[in-house]
Trainee: 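Just passing along the structure, written as structure tokens.
Residue indices begin at 1 and follow the sequence shown. Hydrogens, waters and symmetry mates are skipped; everything else that's a heavy atom, side chains included, is used.
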Amino acid sequence: MKKIILAAVVLFAASFTMSAQQYRVITSVESIVPNGLGRSRIINALEEKDYKEFTTVQTEDDNTRNKSDRSEIRVKNFEETKLLNFYNLGGIRFQNIAANDAVITSMINDMISNGWELAFVVSGVESEGGKGDGQGIFITRYIFRK
């Protein structure tokens with residue numbers, strides 16, 4: 001009987017732990033603008049938002065436009081960690097990439113030491129679109145869970 005009660009308590013605790021996971025997204029934005037003119041940063045929001053406050057449901061009968069106020073969506077409290085740009089006047093700068101790797105590694109190690117687990121990494125690129133474009137970023141989202 002004691003074994004059954006103990007097993008039930010362990011199963012209950014395990015199911016509670018599984019449903020109580022938290023996620024946190026930290027984003028790095030690295031400039032791939034030629035001549036080092038871009039800005040590169042790690043961004044970490046310090047406040048939470050409830051997506052439901054900014055969500056509408058579109059139906060055939062009601063297709064009212066989402067009128068969420070942009071100023072209410074914006075996060076005003078966030079950490080901004082400076083990174084170096086991939087390019088300088090001489091072209092691609094491998095030393096800057098190595099420096100960014102060191103800073104990002106430090107951020108990941110800090111999150112892990114605070115009990116977070118790196119669950120997923122997702123990245124994308126919007127690269128230069130040709131002569132005169134001058135735009136480009138390499139964005140990576142680090143998704144942690146606890």
Side-chain angles (χ1 to χ4, degrees), residues 6-60 62-146:
L6 180 62
V9 169
V10 169
L11 285 173
F12 176 76
S15 67
F16 180 78
T17 303
M18 290 174 61
S19 65
Q21 285 189 344
Q22 292 178 284
Y23 286 88
R24 180 172 201 101
V25 177
I26 297 178
T27 301
S28 67
V29 179
E30 296 173 276
S31 171
I32 53 176
V33 174
N35 301 322
L37 297 175
R39 297 185 313 163
S40 299
R41 303 284 190 272
I42 297 173
I43 305 299
N44 179 16
L46 299 177
E47 60 187 73
E48 293 183 14
K49 295 286 183 173
D50 184 356
Y51 79 95
K52 294 174 188 172
E53 293 179 28
F54 315 111
T55 302
T56 59
V57 176
Q58 303 287 320
T59 65
E60 189 174 326
D62 181 9
N63 61 355
T64 307
R65 191 173 142 246
N66 186 328
K67 296 188 180 179
S68 297
D69 187 351
R70 292 177 186 268
S71 65
E72 292 178 14
I73 299 171
R74 284 195 179 91
V75 170
K76 300 204 174 41
N77 300 309
F78 62 94
E79 289 179 336
E80 180 180 294
T81 304
K82 188 167 186 167
L83 295 174
L84 301 174
N85 297 328
F86 282 174
Y87 291 96
N88 64 11
L89 290 174
I92 193 164
R93 181 88 167 146
F94 295 108
Q95 191 175 28
N96 290 3
I97 295 169
N100 289 357
D101 288 351
V103 173
I104 291 168
T105 299
S106 172
M107 179 267 307
I108 291 170
N109 286 335
D110 183 61
M111 292 293 293
I112 289 170
S113 71
N114 286 306
W116 293 92
E117 169 194 0
L118 182 59
F120 307 100
V121 178
V122 182
S123 63
V125 176
E126 190 286 310
S127 61
E128 169 127 17
K131 186 178 181 180
D133 181 0
Q135 302 292 319
I137 60 170
F138 184 80
I139 186 168
T140 306
R141 289 216 160 96
Y142 303 90
I143 303 169
F144 293 89
R145 76 173 153 223
K146 190 190 262 196

Trainee: Looking at every heavy atom in both Thr56 and Thr64, which two are closest together, and how far apart are they?
Mentor: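 Closest pair (atom of Thr56, atom of Thr64, distance): OG1-O, 4.5 Å.
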Trainee: Assess whether side chain to side chain contact (heavy atoms under 4.5 Å, CB included) is satisfied between Glu117 and Lys146, documenting all intermediate values.
Mentor: CA-CA 6 Å; Glu117 169 194 0; Lys146 190 190 262 196; over 6 Å; no
Trainee: For the atom pair CE (Met107) and CD1 (Ile112), what is the distance rounded to the nearest 0.5 Å?
Mentor: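 Separation between the atoms: 9.5 Å.
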Trainee: As an exercise, state the distance from CD1 of Ile26 to OH of Tyr142, rounded to the nearest 0.5 Å.
Mentor: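 Here the rounded value is 10.0 Å.
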Trainee: Is it the case that more than 12 heavy atoms not belonging to Gln95 sit under 6.0 Å from its CD atom?
Mentor: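 Not more than 12 within 6.0 Å, no.
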Trainee: With side chain to side chain donor-acceptor pair (under 3.5 Å) as the test, pick out the partner of Ser40 among Thr81, Asn85, Asn96.
Mentor: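 Among the candidates, only Asn85 passes.
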Trainee: How about Glu80 and Ile43: do any of their side-chain heavy atoms sit closer than 4.5 Å?
Mentor: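 Counting from C-beta outward, Glu80 and Ile43 do come under 4.5 Å.
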Trainee: Working to the nearest 0.5 Å, report the span between CZ of Arg65 and CD of Gln58.
Mentor: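 Arg65 atom CZ to Gln58 atom CD measures 10.5 Å (nearest 0.5 Å).
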Trainee: Indicate yes or no: at least one non-hydrogen side-chain atom of Phe120 is less than 4.5 angstrom from one of Arg145.
Mentor: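 They are in side-chain contact.
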Trainee: How long is the span from the CZ atom in Phe86 to the CD1 atom in Ile97, to the nearest 0.5 Å?
Mentor: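 CD1 of Ile97 is found 5.0 Å from CZ of Phe86.
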Trainee: Would you say Lys49 and Ile73 make side-chain contact, with heavy atoms under 4.5 Å?
Mentor: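 No; the side chains remain at least 4.5 Å from each other.
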Trainee: Once you round to the nearest 0.5 Å, how far does CG of Leu83 lie from OG of Ser28?
Mentor: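 Between atom CG of Leu83 and atom OG of Ser28 there are 6.5 Å.
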Trainee: Could you walk me through whether Arg39 and Ser31 pass side-chain hydrogen bond (donor to acceptor under 3.5 Å, both in side chains), step by step?
Mentor: CA-CA 6 Å; Arg39 297 185 313 163; Ser31 171; over 6 Å; no
Trainee: Give, for atom CD1 of Ile32 and atom CD1 of Ile92, the distance between the pair rounded to the nearest 0.5 Å.
Mentor: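 It is 9.5 Å, given to the nearest 0.5 Å.
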Trainee: Set out, in order, the CA-CA distance, both residues' side-chain angles and the distance that settles side chain to side chain contact (heavy atoms under 4.5 Å, CB included) for Leu84 and Val103, then state yes or no.
Mentor: CA-CA 10 Å; Leu84 301 174; Val103 173; over 6 Å; no
